[in-house]
Amino acid sequence: MSDSVPNGWSKVEFDNFTTLQRGKDLTKAEFREGTVPVAGSNGVIGYHDTAIAKAPGITVGRSGSAGRVTVYEEDFWPHNTSLYVRDFHGNDPYFAGFLLGSLNLARFKTGASVPTLDRNSFKTLPLLVPPLPEQKEIAHILSTVQRAIEAQERIIQTTTELKKALMHKLFTEGLRHEPQKQTEIGPVPESWEVCKVPVALQKTRVGRQHQIPAKDIAAIGAHPVVDQGQAFVAGFTDDHARLIDFDLPLVIFGDHTRCFKFVDFPFVLGADGTKILKSNAKLFDPKFFFHALVALDLPSRGYNRHFKLLKEKSIPRPPLPEQRDIASAIDTVDQKGRNAETKVAALQDLFRTLLHELMTAKTRVHNAAFEV
């Protein structure tokens with residue numbers, strides 16, 4: 001930390017800013033029915049009828065999720081897997097929560113088998129602390145962004161639940177209010193057919209010959225690299241020779257992840273096990289085909305190198321015009337979720353920037369201008 005102290009701020013040791021104390025043990029057998037949250041190392045682990053710490057309060061994970069900071073706005077019982085703030089020394093508790101969260105206290109954990117956070121290892125850590133009014137302003141700004149993130153995350157969850165219910169209804173009842181018939185996949189409208197996944201395919205191919213090594217994936221490039229792992233577009237490449245040569249759009253299926261991705265742009269495959277699927281245009285609208293595969297709800301665990309599980313499945317086949325209408329209805333809900341995900345990512349970037357800028361006084365609150 002720099003020796004320079006911003007105008008009006010103070011340099012204090014950690015223990016003089018917030019004094020931490022180890023929580024009190026409470027076994028599962030000792031829990032009594034109640035509404036008091038029991039605060040473990042990674043958040044609420046249950047409820048009890050007695051609180052021993054007043055709100056607003058803060059815990060820091062001691063073992064387990066060592067270093068994790070959680071703020072409580074109701075009286076709570078700090079478990080012995082956590083440390084809790086016994087004394088805020090007149091500082092704003094919400095500001096303290098943000099400051100402690102920015103310190104990466106997990107770096108002070110010790111022990112190999114069960115890493116544990118010892119409060120004595122950082123009690124003299126020097127901190128730069130603004131006066132109380134500025135603390136409250138900083139906490140207000142960061143809380144505003146945090147609430148905006150939580151609001152968008154609720155939209156994502158609601159949209160996910162809505163999409164699941166909508167897909168079930170559309171794939172069993174359709175849009176034309178027809179009488180239903182029983183099939184191997186359950187009830188569907190009378191005019192619909194049911195077919196095995198292989199019948200729905202025009203082409204399928206293992207993507208191995210098109211895969212690009214991870215070392216060749218860059219931050220920029222002419223062609224996106226589609227990865228079935230954690231990220232959809234994992235990066236970019238200028239390797240034109242590895243572009244997928246099927247007619248777009250396509251669906252890719254990950255053997256490891258059992259995940260489907262709809263791809264309507266030229267792309268290169270990342271280096272993992274995938275199948276490239278091209279639906280039969282005479283039988284299926286490409287987007288409906290994709291949604292029908294997603295609706296199969298394949299198990300997320302396990303590995304199927306030979307593609308057997310999916311090939312044994314059947315999907316509904318409405319008339320093409322109805323397929324397009326169903327796909328459009330699902331896409332509308334999907335788009336709301338994607339919009340919220342984009343907003344969450346932008347707000348998280350904003351939060352990280354503000355946290356760094358405000359906690360280091362690079363930006364003072366009277367100069368902070370932002371819009372959530």
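In what follows, residues are counted from 1 in the order of the sequence shown.
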Test salt bridge (Lys or Arg N to Asp or Glu O under 4.0 Å) applied to Arg176 and Asp325, step by step: CA-CA 10 Å; Arg176 308 292 190 251; Asp325 291 341; 3.1 Å; yes
Stepwise side-chain contact (heavy atoms from CB on, under 4.5 Å) check, Asp216 with Asp239: CA-CA 9 Å; Asp216 295 333; Asp239 190 345; 5.9 Å; no
Qualifying residues under side-chain contact (heavy atoms from CB on, under 4.5 Å), relative to Lys136, sequence neighbours excluded: Asp92, Leu132
NZ (Lys181) with more than 12 external heavy atoms under 6.0 Å: yes
Greater than 12 external heavy atoms within 6.0 Å of Tyr47's OH: no
Pairs meeting criterion side-chain hydrogen bond (donor to acceptor under 3.5 Å, both in side chains) with involvement of residues 281-295, two or more places apart: Lys287-Asp331, His291-Asp331
Set of residues satisfying ring pair (Phe, Tyr, Trp, His ring centres under 6.0 Å) with respect to Phe262, sequence neighbours excluded: Phe290
Donor-acceptor pair, side chain of Ser41 and main chain of Ser65, under 3.5 angstrom: yes
Summary of ring-ring contact (aromatic ring centres under 6.0 Å, His included) pairs that have at least one residue in residues 148-176, sequence neighbours excluded: Phe171-Phe288
Check: Glu312 main-chain N/O paired with Lys196 side-chain donor or acceptor under 3.5 Å: yes
Flag if over 12 foreign heavy atoms under 6.0 Å of CD, Glu190: yes
CG/Asn120: more than 12 non-hydrogen atoms of other groups inside 6.0 Å: yes
Within 6.0 angstrom of Gln21 CD, more than 12 heavy atoms from elsewhere: yes
Criterion side-chain contact (heavy atoms from CB on, under 4.5 Å) on Ile217 and Ile212, from CA distance to verdict: CA-CA 7 Å; Ile217 300 174; Ile212 185 169; 4.1 Å; yes
Aromatic plane relationship, Phe76 with Tyr72 - under 30° parallel, 30 to 60° tilted, over 60° perpendicular: parallel
Flag, side chain of Arg242 to backbone of Gln211, donor-acceptor distance under 3.5 Å: yes
Qualifying ring-ring contact (aromatic ring centres under 6.0 Å, His included) pairs, either residue in residues 107-156, two or more places apart: Phe14-Phe122, Phe108-Phe122
Main-chain N/O of Arg32 paired to His48 side chain as donor or acceptor, under 3.5 Å: yes
Glu33 atom CD, over 12 foreign heavy atoms within 6.0 Å: no
NZ/NE/NH1/NH2 to OD/OE distance under 4.0 Å, Lys203 and Asp245: no
Set of residues satisfying ring pair (Phe, Tyr, Trp, His ring centres under 6.0 Å) with respect to Phe95, sequence neighbours excluded: none
Asp349 (side chain) donor-acceptor with Ala346 (main chain) under 3.5 angstrom: no
Intermediate values then yes/no, side-chain contact (heavy atoms from CB on, under 4.5 Å), Asp75 and Val36: CA-CA 7 Å; Asp75 295 351; Val36 175; 5.6 Å; no
Among Asn16, Thr18, Thr19, side-chain hydrogen bond (donor to acceptor under 3.5 Å, both in side chains) partner for His89: Thr19
